[in-house]
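What follows is a single structure, written as structure tokens, with notes after it.
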Amino acid sequence: MAWKTLDEMELAGKVVLTRVDINVPVKDGQVTDDTRIQRILPTINDILAVGGKPVLLAHFGRPKGERVPEMSLSVVRPALEAALGRSVKFAEDCIGGPAKQAVAALGDGEVLLLENTRYHAAETKNDPAFAAALAALGEVYCNDAFSAAHRAHGSTEGVARLLPSCAGRLMQAELSALEAALGQPERPVVAVVGGAKVSTKLDLLGNLVGKVDHLVIGGGMANTFLAAQGIDVGKSLAEHDMAGTAREILVKAKEAGCEVILPTDVVVAREFAAGAENETVAADACPTDAMILDAGPDSVAKIADTLANAKTLIWNGPLGAFEIEPFDAATNAAAAMAAELSADGKLVSVAGGGDTVAALNKANAADRFTYISTAGGAFLEWMEGKTLPGVAALEG
């Protein structure tokens, strides 16, 4: 790895500007899910343990360069204090007088949270003067926000080039897991890619067919691929205008020696509703007045067999309409199989993306995967083979 970790930095007595992602859901002034806060605790605690002074940089919502009161990071402070088990100081700006004074007053063993970086339009523009104003506050920069690493912003990329920089524990874990899955993976490698639209995952599919041995396509995306092969998918969600692109991906996969696994049997229904009357038919036998809402048991058996012979799994997206029973069956079954193999040490499994995490949690499988990424866009862009500015800046 070309980037440094906290262990390689001299932190004692130093102000460590620490970019975190605590863009957490809030309702009625209360944090409703503190997962992202929990994931940054190892970094903050490790900085404190060696006598460093963590000063947290973060964004919250999309205030678009304006001071929007309901997007103040002060709302996150109580949940952060509860998770850390210590008080957290707060500065009403992330640069200038308020920030400088708060940093100067920071004592040993104290944590400081600076106000929303996106209150400044210069943050998202990666303005050099803004990055310099941030850098002036600290002596070391630590990026622990992999989920924001695909953005070339002042607090994710600009400041990293102005101070001695390293990856925090969460960033380190994310990068190590992704390197194991796509960089130097043990083979065979299987990718499961699901979701509604092929159009949103074109770059992903194009990159994966050249890197993995088996590509499982599920969800509405699978319908597009079936339709592209001349199969009538009835009233199913499908992007018929993407047929040519789907066929190109299949050709590219064949040339690369990547097996594309599409459903051979499907679960169909006339309505998209919980407990809707449904039947399982061959993939090429969808009634014209029905829609495909899940992969069938034969398809799941094929996926299970592929996983059983694999060494590495990358997962992004569900295999069916997992939000509604019984159309979560294929996702649940495949996830349970992957979780069991991972728990037994037979499979390295890495998953990421909002719908993916929700689906794996629903299947009670997430905690047995090797690694679950907290990132959405950054995880996808890494899988697409793109350079992430926030990571590249750490590599100097």
Side-chain angles (χ1 to χ4, degrees), residues 4-61 69-119 134-148 155-156 159 163-174 374:
K4 290 181 177 175
T5 69
L6 285 170
D7 303 317
E8 297 166 81
M9 310 300 285
E10 181 54 57
L11 303 176
K14 293 189 176 177
V15 174
V16 185
L17 285 182
T18 308
R19 181 54 162 97
V20 294
D21 184 355
I22 46 176
N23 192 23
V24 291
V26 170
K27 188 177 182 183
D28 300 327
Q30 301 285 322
V31 172
T32 57
D33 180 351
D34 74 343
T35 302
R36 283 184 165 173
I37 292 173
Q38 294 293 333
R39 298 292 282 270
I40 64 168
L41 298 182
T43 292
I44 298 171
N45 287 327
D46 282 1
I47 292 169
L48 289 167
V50 293
K53 299 177 179 180
V55 174
L56 309 183
L57 296 170
H59 71 278
F60 189 64
E70 55 269 29
M71 292 184 194
S72 169
L73 271 168
S74 58
V75 74
V76 179
R77 187 178 171 193
L80 185 57
E81 290 182 325
L84 275 169
R86 68 175 70 218
S87 65
V88 173
K89 302 290 177 68
F90 183 73
E92 293 185 357
D93 205 345
C94 62
I95 56 171
K100 286 179 184 174
Q101 289 158 21
V103 170
L106 197 62
D108 291 338
E110 292 185 331
V111 179
L112 171 63
L113 173 63
L114 301 182
E115 184 56 284
N116 196 340
T117 56
R118 289 188 186 172
Y119 273 6
L134 290 175
L137 299 171
E139 297 156 279
V140 174
Y141 173 74
C142 170
N143 193 342
D144 208 30
F146 176 77
S147 47
S155 68
T156 60
V159 69
L163 290 173
S165 298
C166 66
R169 298 304 186 204
L170 178 56
M171 175 75 88
Q172 183 183 346
E174 293 266 6
T374 55

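Any value given below was found using the heavy atoms of this structure, including those in side chains, with hydrogens, waters and symmetry copies removed.
- In terms of modelled atom types and a separation under 3.5 Å, the side chain of Asn116 and the main chain of Met71 share a donor-acceptor contact.
- Note that the CG atom of Leu80 and the CG atom of Leu84 stand 5.0 Å from one another [nearest 0.5 Å].
- You'll find the side chain of Asp108 reaches within 4.5 Å of the side chain of Lys53, heavy atoms only.
- Judged by distance alone, the side chain of Asp33 and the main-chain N or O of Pro25 form no donor-acceptor pair under 3.5 Å.
- Between the side chain of Lys4 and the main chain of Ala167, no donor-acceptor pair closer than 3.5 Å is present.
- Residues Ile95 and Leu134 meet the side-chain proximity criterion, which asks for heavy atoms closer than 4.5 Å.
- In terms of heavy atoms, Val140 sits closest to Met9 at CG1-CE, 3.9 Å.
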Derivation and outcome, side-chain contact (heavy atoms from CB on, under 4.5 Å), residues Ile40 and Ile22
CA-CA 9 Å; Ile40 64 168; Ile22 46 176; 3.6 Å; yes
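- A salt bridge links Lys89 with Glu110: at least one charged nitrogen is closer than 4.0 Å to a carboxylate oxygen.
- Contact annotation: the side chain of Leu11 never approaches that of Asp46 to less than 4.5 Å [non-hydrogen atoms, C-beta and beyond].
- With respect to Val55, the side chain to side chain contact (heavy atoms under 4.5 Å, CB included) criterion is satisfied by exactly one of Thr18, Leu114, Leu137: Leu114.
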Could you go through the side-chain contact (heavy atoms from CB on, under 4.5 Å) check for Arg86 and Leu48 one step at a time?
CA-CA 12 Å; Arg86 68 175 70 218; Leu48 289 167; 3.5 Å; yes
Does Glu115 form a side-chain contact (heavy atoms from CB on, under 4.5 Å) with Phe60? I'd like the steps, not just the answer.
CA-CA 9 Å; Glu115 184 56 284; Phe60 189 64; over 6 Å; no
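- Scored by the side chain to side chain contact (heavy atoms under 4.5 Å, CB included) test, Pro42 finds Arg169 as partners (sequence neighbours excluded).
- A donor-acceptor pair is defined here as one N or O able to donate and one able to accept, closer than 3.5 Å; such a pair exists between the side chain of Arg77 and the backbone of Val88.
- Cys166 contributes atom SG, which lies 10.0 Å from atom CE of Met171 (distance to the nearest 0.5 angstrom).
- Judged purely by atom type and a 3.5 angstrom limit, Glu8 uses its side chain to pair as donor or acceptor with the backbone of Thr5.
- In terms of heavy-atom proximity, Arg36 sits nearest to Asn23 at NH1-O, 3.4 Å.
- Contact annotation: the side chain of Leu112 approaches that of Val103 to within less than 4.5 Å [non-hydrogen atoms, C-beta and beyond].
- Gly138 and Leu163 make their closest contact through O-CD2, 3.6 Å (heavy atoms, listed as atom of the first residue, atom of the second, distance).
- Heavy atoms only, all atoms of each residue included: Ala91 and Pro98 are closest at CB-O, 3.9 Å.
- Side chain of Tyr141 to backbone of Arg19: no donor-acceptor contact under 3.5 angstrom is found.
- Closest heavy-atom contact between Ser74 and Ser72: OG-OG, 2.8 Å.
- Leu56 places a side-chain heavy atom less than 4.5 Å from the side chain of Ile44.
- Contact between Gln38 and Ala83 at its shortest, heavy atoms only, is NE2-CB, 3.8 Å.
- The 12-atom threshold is not exceeded at CD of Glu92, counting heavy atoms of other residues, nucleotides or ligands nearer than 6.0 Å.
- Using modelled atom types, one side-chain atom of Glu139 and one backbone atom of Val15 make a donor-acceptor pair closer than 3.5 Å.
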Verdict with reasoning, Asp21 to His59, per side-chain contact (heavy atoms from CB on, under 4.5 Å):
CA-CA 7 Å; Asp21 184 355; His59 71 278; 4.1 Å; yes
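- Atom CG of residue Leu170 and atom CD of residue Gln172 lie 10.0 Å apart, to the nearest 0.5 angstrom.
- Contact of the Thr43 side chain with the Cys142 side chain is registered, since non-hydrogen atoms from C-beta on lie closer than 4.5 Å.
- No donor-acceptor distance shorter than 3.5 angstrom exists from the side chain of Asp144 to the backbone of Val20, with no hydrogens or angles considered.
- Scored by the side chain to side chain contact (heavy atoms under 4.5 Å, CB included) test, Glu70 finds Val68 as partners (sequence neighbours excluded).
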